[in-house]
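Here is the structure we will look at, set down as structure tokens.
A note on names: the letters A, B, ... follow the listed sequences, proteins ahead of strands, and every chain is numbered from 1. Remember, it's a predicted structure, so these values are computed and weren't measured experimentally.
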Number of protein chains: 2
Amino acid sequence: MESVLAITRALADESRVRALLVLDGRELCVCQLIEFLELAPSTVSKHMTILRQARLIDGRKKGRWMNYRLAGEHASPAVKEAIAWLRRSLTNDPVARRDATRMAKILKTGREVLCGRQNARRKPCPIGSTAAGTP
Amino acid sequence: MESVLAITRALADESRVRALLVLDGRELCVCQLIEFLELAPSTVSKHMTILRQARLIDGRKKGRWMNYRLAGEHASPAVKEAIAWLRRSLTNDPVARRDATRMAKILKTGREVLCGRQNARRKPCPIGSTAAGTP
DNA sequence: CCTCCATTTCGTTATATGGCGAAATATAGC
DNA sequence: GCTATATTTCGCCATATAACGAAATGGAGG
């Protein structure tokens, strides 16, 4: 019961739902999620922690950068089905569509703008290997 | 997006999840749910309101008694799939199993004990037509 | 070692939420 | 009309939660 409640509670916040949807099919770094959600870094970090504790996402550190992606094939059936449910239920949602467009732009703007947004004069995120713009 | 969040938020509480599970395949009256959840009548009423607003359940009044059941075939795909997800994810859950056993007993004890529990010297709930002990 | 940078953790604050009891409302029977 | 009863609504309270900024931590490079 607790694992199911961890999932439902993790999904009970709009920012976390939106984050999960843009994580579909790609790995993103915290800095990209911060840009996307337009929240403070500490807030995004906490949201990611909640999603991770519910096992909805996996995180891996690459140098200074922390990447997150949706739970993969090793995930429990409950997790997999919850993610599938979210995806199906919000496929035609206007917010989700607008988010997808925004995220595409964020991935394009990439390095210079991205980290610079959060702290002036910051060194850009390096390009990662999994997705364009992901460190 | 709001309807999906209404669903996820409704599922983010253990009592509401447990109520949904015992509503599977049966219609129950508030008094039975009060007995089952061991919460105050006002609390159960509020939980049911949340579930109803998320369209996860339907309610209908029968005289003084209010019956609730899971959303039926008219429900949205998101609602249907969320309920199915819950059912599948908690099929073997010990809490859910214990709850099912308890609810079977509550249905058996029926009228005399049920309403009497909540207010001494109360008239028993009349027997309903949909399930044993449901008004 | 240092400085710089990304992220997490911590503490605070405003708001939301789950619980209760009391009051209000709705229904039944006389 | 009345009384009795089931349920909902309201108000209150304790706790949880989402947001923020500051501090702490972890990693990179010199």
Side-chain angles (χ1 to χ4, degrees), chain A residues 5-6 8-19 28-35 37-54 57 59-68 111-112 114-126 128 133-135, chain B residues 5-6 8-19 28-35 37-54 57 59-68 111-112 114-126 128 133-135:
Chain A
L5 284 173
T8 59
R9 287 177 179 144
L11 300 183
D13 176 74
E14 183 174 3
S15 295
R16 291 200 287 273
V17 167
R18 290 174 63 215
L28 297 174
C29 104
V30 171
C31 66
Q32 289 167 314
L33 290 165
I34 289 165
E35 178 72 12
L37 292 170
E38 297 177 318
L39 295 173
S42 57
T43 305
V44 173
S45 182
K46 199 157 71 172
H47 282 316
M48 292 301 109
T49 296
I50 290 165
L51 290 173
R52 208 166 17 172
Q53 285 170 348
I57 62 173
R60 63 175 178 171
K61 195 89 186 239
K62 297 184 79 173
R64 290 188 211 158
W65 291 276
M66 189 69 187
N67 289 350
Y68 290 104
R111 317 167 269 177
E112 287 78 20
L114 213 49
C115 286
R117 275 275 165 86
Q118 290 145 23
N119 280 294
R121 285 181 303 280
R122 261 190 168 177
K123 183 176 173 183
C125 291
T134 305
Chain B
L5 285 172
T8 59
R9 285 174 182 145
L11 300 183
D13 176 72
E14 183 174 3
S15 296
R16 291 199 289 274
V17 166
R18 290 173 62 215
L28 297 172
C29 105
V30 171
C31 66
Q32 290 165 315
L33 290 165
I34 289 164
E35 179 71 15
L37 293 170
E38 296 177 318
L39 295 172
S42 59
T43 306
V44 173
S45 183
K46 202 159 71 171
H47 283 316
M48 292 301 109
T49 296
I50 291 166
L51 290 174
R52 208 166 18 171
Q53 286 169 350
I57 61 173
R60 64 177 179 171
K61 196 91 186 235
K62 297 184 80 174
R64 290 189 212 157
W65 291 276
M66 190 69 186
N67 289 350
Y68 289 105
R111 316 167 271 176
E112 288 77 21
L114 215 48
C115 287
R117 277 272 166 83
Q118 290 144 25
N119 280 297
R121 283 183 303 279
R122 260 188 170 176
K123 182 173 169 182
C125 291
T134 305

Whole-Å distance between dT7(C) C1' and K62(A) NZ?
-> 16 Å
All side chain to side chain contact (heavy atoms under 4.5 Å, CB included) counterparts of T43(A), not counting sequence neighbours | L39(A), A40(A), H47(A)
Can you name the residues that form a salt bridge (charged side-chain N to carboxylate O under 4.0 Å, His left out) with R16(B), not counting sequence neighbours?
-> none
Write down the distance between NZ (K61(B)) and C1' (dT8(D)), rounded to a whole number of angstrom.
-> 8 Å
note: M48(A), atom CE; dA19(D), atom P; distance rounded to Å ~ 11 Å
I57(A) CD1 - dT7(C) C1' separation (whole Å) = 14 Å
Figure out the CZ/C1' separation between R64(A) and dT8(C), and round it to whole Å.
-> 15 Å
Atom CD of Q53(A) and atom P of dT8(C): how far apart are they, to the nearest Å?
-> 12 Å
Do the non-hydrogen side-chain atoms of L5(B) and V17(A) ever get within less than 4.5 Å of each other?
-> yes
Residues that A12(B) engages under side chain to side chain contact (heavy atoms under 4.5 Å, CB included), provided they are two or more places apart = R9(A), A12(A)
Can you measure from OG (S42(B)) to NZ (K46(B)) and round to the nearest 0.5 angstrom?
-> 7.5 Å
In whole angstrom, what separates E14(A)'s CD from dA18(D)'s P?
-> 12 Å
Footprint string (nucleotides 10-24 of chain C, 5' to 3'): B base within contact, S backbone only, - free, heavy atoms under 4.0 Å | --------BBBBB--
Distance test, side-chain N/O of Y68(A) to OP1/OP2 of dT8(C), below 4.0 Å = yes
Roughly how many Å is it from CH2 in W65(B) to C1' in dG29(C), rounded to a whole number?
-> 11 Å
Min side-chain heavy-atom separation Y68(B)-R52(B) under 4.5 Å | yes
